[in-house]
Number of protein chains: 2
Amino acid sequence: MAAVDRSLVANLAMFAGLSPAEQDELLREARSVRYPKGTAVFNQGTEAERFFVLLHGHLRVEKTTPQGQQMVVRYVSAGELFGVAQAMNLKSYPATAVAAVDSIALSWPSSSWHRLIVTFPTLAVSALQTVGSRLQDTQARVIEISNEQVEQRVAHALLRLAKQAGRKVDAGVEIDFPISRQDVAEMTGTTLHTVSRILSAWEQQGLVEGGRQRIVLRDPHKLHILAEGNEADQVRGSAP
Amino acid sequence: MAAVDRSLVANLAMFAGLSPAEQDELLREARSVRYPKGTAVFNQGTEAERFFVLLHGHLRVEKTTPQGQQMVVRYVSAGELFGVAQAMNLKSYPATAVAAVDSIALSWPSSSWHRLIVTFPTLAVSALQTVGSRLQDTQARVIEISNEQVEQRVAHALLRLAKQAGRKVDAGVEIDFPISRQDVAEMTGTTLHTVSRILSAWEQQGLVEGGRQRIVLRDPHKLHILAEGNEADQVRGSAP
DNA sequence: GCTGCAATTTGCGCTCCGACAAAGAGCCCT
DNA sequence: AGGGCTCTTTGTCGGAGCGCAAATTGCAGC
């Protein structure tokens, strides 16, 4: 566990608006941890002892139902607050957070939460914005799953990922961490086979390319049209 | 607009932990409004000028997609904070809130939010718990819609409503506001026809009863078994 | 009481996609 | 290089439930 340098966090939303002295004070109780790819930051159902900010990398947040089904709830990117379960009055984490790539996070004891938000109201503001934003995203998922066909949902999911974690490459925009067909399926409420079929078809049409745990969006514009529906049939109509 | 009496709010979560003097101060800027059944408290897309606490009644929160589809996001019951869009950094309300029955709410200018949470950190705490709780509920909806068949989803929805707004009657637990098959459909991502079919079958089996915009849960226990799945076939097997 | 409208019920055909199965491909370790 | 394991692809079949249509019912207003 290393002392945390203020320059690492100065441009994070959570620290915005704090003076250097305030930032140092907030960092005094912070602990920095590395999470190798594939390791869990916390597990669903375990006591919510700490809350976190991701400094580097990407996390996959997944939830397992009592019946054993698994869903990818979201991906967390660098700069984001996460694991604020106790702030939401939960005793335990409602999901598992796994490092999709090697990652680094800062964490604080949840027991400090209430004292910290009194001292730093901007922390509460930041948390509310983060949780609120996640609520809107999740509501949008409900609407997609209720109203859209799988192809549209997959298109939406890929576009979100490209926006959140896209890296420009020659062929287009690559999702900058390993992502399997099963992962996409768990984000969109479908099966890996259906995702595989869709991606295969899109590959033939030049919309995407990739391979094992890799997806490149070659034509984000056409995917966007697909995602919005209506004109989907037109795009399909132009395929052989 | 009437002056707001402190005794009306003393037992609300948002006011818990505040001294009588603090409660009075918080109420100084509050405005109390009646909403007749069917009227909108606020509309999706309009500027989020105020935030609210529901004192009496029930609200239906609904969202309309760009394509014109409508979904019931949730019902709000007395005592709940709602409309905290600006606190979540949204300029406009993300949904429409309609009075399902005659209702009364308190509201504050959104512009006061930041000042109020500095003065009353418990307000931020309360908001975060509310928004966090709604995030967990919404995530549960995503999981239901992804993994469950319609019958299970409808059972879950009715049980939630009975828990939130159930009133004991001779025949069981009545949902204490008008609720149409279309409303249930919009809560569960299906069509009114499918809901009607399910409820008709359940009526024959004595699980529910009701009529136009009215639902009584006659056997919540059996609905609970249905909602959890697995043993659903057993319950069906015992029907004629 | 009558009428009109909206909510509800019921029938039916069709499609999307889940689920089962099998084959192929890529990657890592020995 | 070979083997094992996991990820991906592809074929096929069946069913849940959507969507269209029509009939029935309940409620409010005149």
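Every chain is numbered from 1 and lettered A, B, ... according to where its sequence line falls, protein lines coming before strand lines.
Between the base of D/dT25 and the side chain of B/Arg212 there is a donor-acceptor pair shorter than 3.5 Å.
The CD atom of A/Glu148 sits 15 Å away from the P atom of D/dC18 (whole-angstrom rounding). Atom CD of A/Glu151 is separated from atom C1' of C/dC17 by 12 Å (rounded to the nearest Å). B/Lys37 has its NZ atom 12 Å from the C1' atom of D/dA28, to the nearest Å. Separating the CG atom of B/Asn147 from the P atom of C/dC17 is a distance of 16 Å, rounded to the nearest angstrom. In this structure, the CD1 atom of B/Ile145 is 12 Å from the P atom of D/dG17, given to the nearest Å. To the nearest angstrom, C1' of C/dT8 lies 15 Å from CD of B/Glu186. Rounded to an integer number of Å, the gap from CD of B/Gln152 to C1' of D/dG17 is 14 Å. Across the protein-nucleic acid pair, B/Asp183 atom CG and C/dA6 atom P stand 16 Å apart, rounded to whole Å.
When heavy atoms are screened at a 4.0 angstrom cut-off, B/Arg181 is found touching the sugar-phosphate backbone but no base atom. At the heavy-atom level, B/Leu192 lies under 4.0 Å from base atoms of the strands shown. When heavy atoms are screened at a 4.0 angstrom cut-off, A/Ser196 is found touching base atoms of the nucleic acid.
In terms of position on DNA chain C, the residue among A/His193 and A/Val150 whose nearest nucleotide sits closer to the 5' end is A/Val150. Residue order along DNA chain D, read from the 5' end via each residue's closest nucleotide, puts A/Gln213 first among A/Gln213 and A/Arg197. In this structure, A/Thr194 and B/Arg214 both approach DNA chain C, and ranking their closest nucleotides by distance from the 5' end singles out B/Arg214.
To the nearest 0.5 Å, the span separating CD on A/Glu80 from CG on A/Leu59 amounts to 9.0 Å. Atom CZ of B/Phe51 is separated from atom CZ of B/Phe42 by 12.5 Å, given to the nearest 0.5 angstrom.
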From CA spacing to verdict: salt bridge (charged side-chain N to carboxylate O under 4.0 Å, His left out), A/Arg153, A/Glu148: CA-CA 6 Å; A/Arg153 302 199 313 260; A/Glu148 295 180 0; over 6 Å; no

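Out of C/dT9, D/dT9, C/dC17, the shortest distance to the side chain of B/Glu203 is found at C/dT9. Of the candidate nucleotides C/dC16, C/dT8, D/dG17, C/dC16 has the atom lying nearest to any side-chain atom of A/Gln149. Side chain of B/Thr190, nearest nucleotide from C/dC20, D/dG17, C/dT10: D/dG17.
Between the side chains of A/Gln70 and A/Thr64, at least one donor-acceptor pair of N or O atoms lies under 3.5 Å.
Between B/Thr191 and D/dG19 there is no side-chain polar atom (N or O) within less than 4.0 angstrom of OP1 or OP2.
Between B/Phe82 and B/Phe52, the ring planes lie parallel to each other; the angle is under 30°, not in the 30° to 60° tilted range.
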